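Here the structure is laid out as structure tokens; the discussion comes afterwards.
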Amino acid sequence: MNKYQLLIDLINSFGVSGKEMYVRDLIKKEIKPYVDKIYIDKLGNLIAHKKGKQKTKVMIAAHMDEIGLIVKNIEPDGKVRIAAIGGIDSLTLLNEKVGIKTRKGIVKGIITNDNISCSILEENPSHKMDDMFIDTGLTKKQMLNLGVHIGSFIGFSPNAEIIANGKVITGKALDDRIGCYILIELIKKLKNSQTELFFVFTVQEEVGLYGAKTSSYEISPDWAIALDVTDCDDRSKQGSKELGKGPTLTIKDAEMISNPCIDEWLLDIAKKKKMNIQPDVSDGGTTDALNISISKGGVPTAVVGVPVRNLHTTSGMAHLDDINNAIKLLESLLKKPPQLCL
């Protein structure tokens, strides 16, 4: 069996924001033997608890959901009009294979527009989502009979693959199935904990960080870490994050500043273990860490990530060494966490 089959299965799972249950079922089955308690809250977050000797509560979170689409309308000629769920650049959508989720299964289709469908070449073709539709090859009546309706969720087709001599994973939904994979591996490795550990697989991060908000309020951790991915910008002139050069540590993003004490812990561990770590300062985007950090009276929170090329597309690329080193870094921290400095 492929060493990374679990990661491949996670990436290939259907899990558009609001429909995370298929990913959640896979994760729950995988981690159940390794935790003291596991439950699903009212919003759909999967929460796993490992008891510790101390009363300090630590929350580690990764989001299960991925960007996707939703059926906006079904026209009389069978064109399925679409709207985005999460941040999608419409430029990346044309000719992508998708699956419309129904109670009866998956209805497959291809995103196209009138020009491409009819092989009409234009000098400046439109890349607006409003001009695109899904062609399923079926009539409207046939789709309705199969359970396709306005509001049906649409995911990108499974396509995970390991390339570059076994070093790089590619596919859809690397954001944030990579974080979910890291969290699962941590659960398996952390057999004895000094603190109370809460591993949270959150929902609806891509549309508003909602799962992190409700779960952190319920758990009320003493401190927390969010696991996510970040833009790998090593192809740009001003890039600071490289593929294969280590996990990232977000110091600042568009919405929050990470807790400096936790950042220093992680930097010190990386230095002692002679492990490369890439500080990340960004003017765009944010993560579950934002809502965790402002929960109740405030929660000191940091963000550990993995750089990904082609983020929020079906052709994301991440280095397996970065993923493995993120696991090692966090395992070292969580085995015997230091006392929090304020």
Side-chain angles (χ1 to χ4, degrees), residues 6 10 23-24 26-41 43-64 176-203 205 211-228 247 249 258-259 261-266 268-270 273 287-289 291-293 295-306 323-341:
L6 174 60
L10 286 166
V23 182
R24 187 176 62 214
L26 173 60
I27 295 170
K28 184 179 179 182
K29 182 179 178 181
E30 191 72 25
I31 67 173
K32 193 172 183 179
Y34 302 95
V35 295
D36 297 307
K37 183 181 179 182
I38 187 168
Y39 64 98
I40 299 165
D41 69 12
L43 197 64
N45 298 301
L46 179 65
I47 301 173
H49 179 205
K50 276 197 175 192
K51 296 178 181 178
K53 298 175 183 177
Q54 301 171 5
K55 292 183 178 180
T56 302
K57 291 191 287 187
V58 179
M59 174 176 170
I60 313 100
H63 67 91
M64 296 182 286
D176 185 30
R177 303 296 157 67
I178 286 175
C180 292
Y181 175 77
I182 292 170
L183 206 50
I184 292 168
E185 292 302 303
L186 282 173
I187 289 171
K188 292 178 179 178
K189 291 177 180 293
L190 292 166
K191 296 178 181 178
N192 297 306
S193 172
Q194 297 292 319
T195 60
E196 297 282 320
L197 295 178
F198 291 84
F199 302 90
V200 185
F201 299 86
T202 65
V203 296
E205 189 268 359
K213 187 172 187 176
T214 58
S215 58
S216 57
Y217 187 91
E218 179 69 23
I219 294 167
S220 191
D222 293 289
W223 57 272
I225 292 176
L227 302 177
D228 214 320
L249 180 64
S258 183
N259 180 267
C261 181
I262 304 174
D263 288 346
E264 288 300 324
W265 292 346
L266 292 163
D268 287 345
I269 291 170
K273 290 190 167 293
T287 68
D288 274 343
N291 272 352
I292 296 170
S293 69
S295 179
K296 287 191 175 180
V299 179
T301 308
V303 186
V304 173
V306 170
I323 296 171
N324 290 326
N325 283 328
I327 296 168
K328 292 176 184 176
L329 179 71
L330 291 165
E331 183 185 5
S332 295
L333 173 64
L334 295 172
K335 271 185 176 178
K336 195 175 180 180
Q339 291 296 311
L340 186 68
C341 53

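If you're wondering where the values come from, they're calculated on a predicted model, not measured in any experiment. The first residue in the sequence is number 1, and the count goes up from there.
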message: Could you walk me through whether Asn259 and Thr301 satisfy the side chain to side chain contact (heavy atoms under 4.5 Å, CB included) test, starting with their C-alpha distance in whole Å, then the side-chain angles of each, then the deciding distance to 0.1 Å, before giving a yes or no?
response: CA-CA 5 Å; Asn259 180 267; Thr301 308; 5.7 Å; no
Spacing of [atom1] belonging to [X] relative to [atom2] belonging to [Y], to within rounding of 0.5 Å:
X      : Y      : atom1 : atom2 : answer
Asp263 : Leu249 : CG    : CG    : 4.5 Å
Lys335 : Leu186 : NZ    : CG    : 11.0 Å
Ile225 : Ile262 : CD1   : CD1   : 6.0 Å
Lys50  : Leu190 : NZ    : CG    : 5.5 Å

Does the side chain of [X] reach to within under 4.5 Å of the side chain of [Y], using non-hydrogen atoms?
X      : Y      : answer
Pro337 : Thr56  : no
Val35  : Ile187 : yes
Phe199 : Ile27  : no
Ile182 : Ile327 : yes
Asp228 : Glu205 : yes
Ile31  : Phe201 : yes
Leu10  : Ile184 : yes

Closest approach of [X] to [Y] (non-hydrogen atoms, all atoms of both residues):
X      : Y      : answer
Thr287 : Ala226 : OG1-CB, 4.4 Å
Ala212 : Ser215 : O-OG, 3.5 Å
Met64  : Gly44  : CE-O, 3.8 Å
Leu329 : Pro247 : CD2-CG, 4.4 Å
Met59  : Ile219 : SD-CD1, 4.2 Å
Ala289 : Ala302 : CB-O, 4.4 Å

query: What residue pairs, at least two apart or across chains, pass side-chain hydrogen bond (donor to acceptor under 3.5 Å, both in side chains) with a residue in residues 176-190?
result: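 Counting only pairs at least two positions apart or across chains, the side-chain hydrogen bond (donor to acceptor under 3.5 Å, both in side chains) contacts touching residues 176-190 are Glu30-Lys188, Glu66-Arg177.
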- request: Step through the shown structure and confirm whether more than 12 heavy atoms of other residues, nucleotides or ligands are within 6.0 Å of CD on Glu218.
  value: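 Open.
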task: Give a yes or no answer on whether the side chain of Ser193 reaches the backbone of Gly52 with a donor-acceptor pair at less than 3.5 Å.
output: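 It does not hold such a pair.
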message: Under a 3.5 Å distance rule, please check whether Gln54 uses its side chain to pair with a backbone N or O of Thr195 as donor and acceptor.
response: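 Answer holds: no.
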- prompt: Under the side chain to side chain contact (heavy atoms under 4.5 Å, CB included) test, which residues partner Ser220, sequence neighbours left out?
  reply: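 By the side chain to side chain contact (heavy atoms under 4.5 Å, CB included) rule, Ser220 matches Lys57, Lys296.
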message: Restricting to ring-ring contact (aromatic ring centres under 6.0 Å, His included), what partner residues turn up for Phe198, sequence neighbours left out?
response: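 Checked Phe198 against ring-ring contact (aromatic ring centres under 6.0 Å, His included); matches are His49.
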message: My understanding is that only one of Thr214, Asp288, Asp41, Asn45 makes a side chain to side chain donor-acceptor pair (under 3.5 Å) with Thr202; could you say which?
response: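 Exactly one option meets the side chain to side chain donor-acceptor pair (under 3.5 Å) with Thr202, and it is Asp288.
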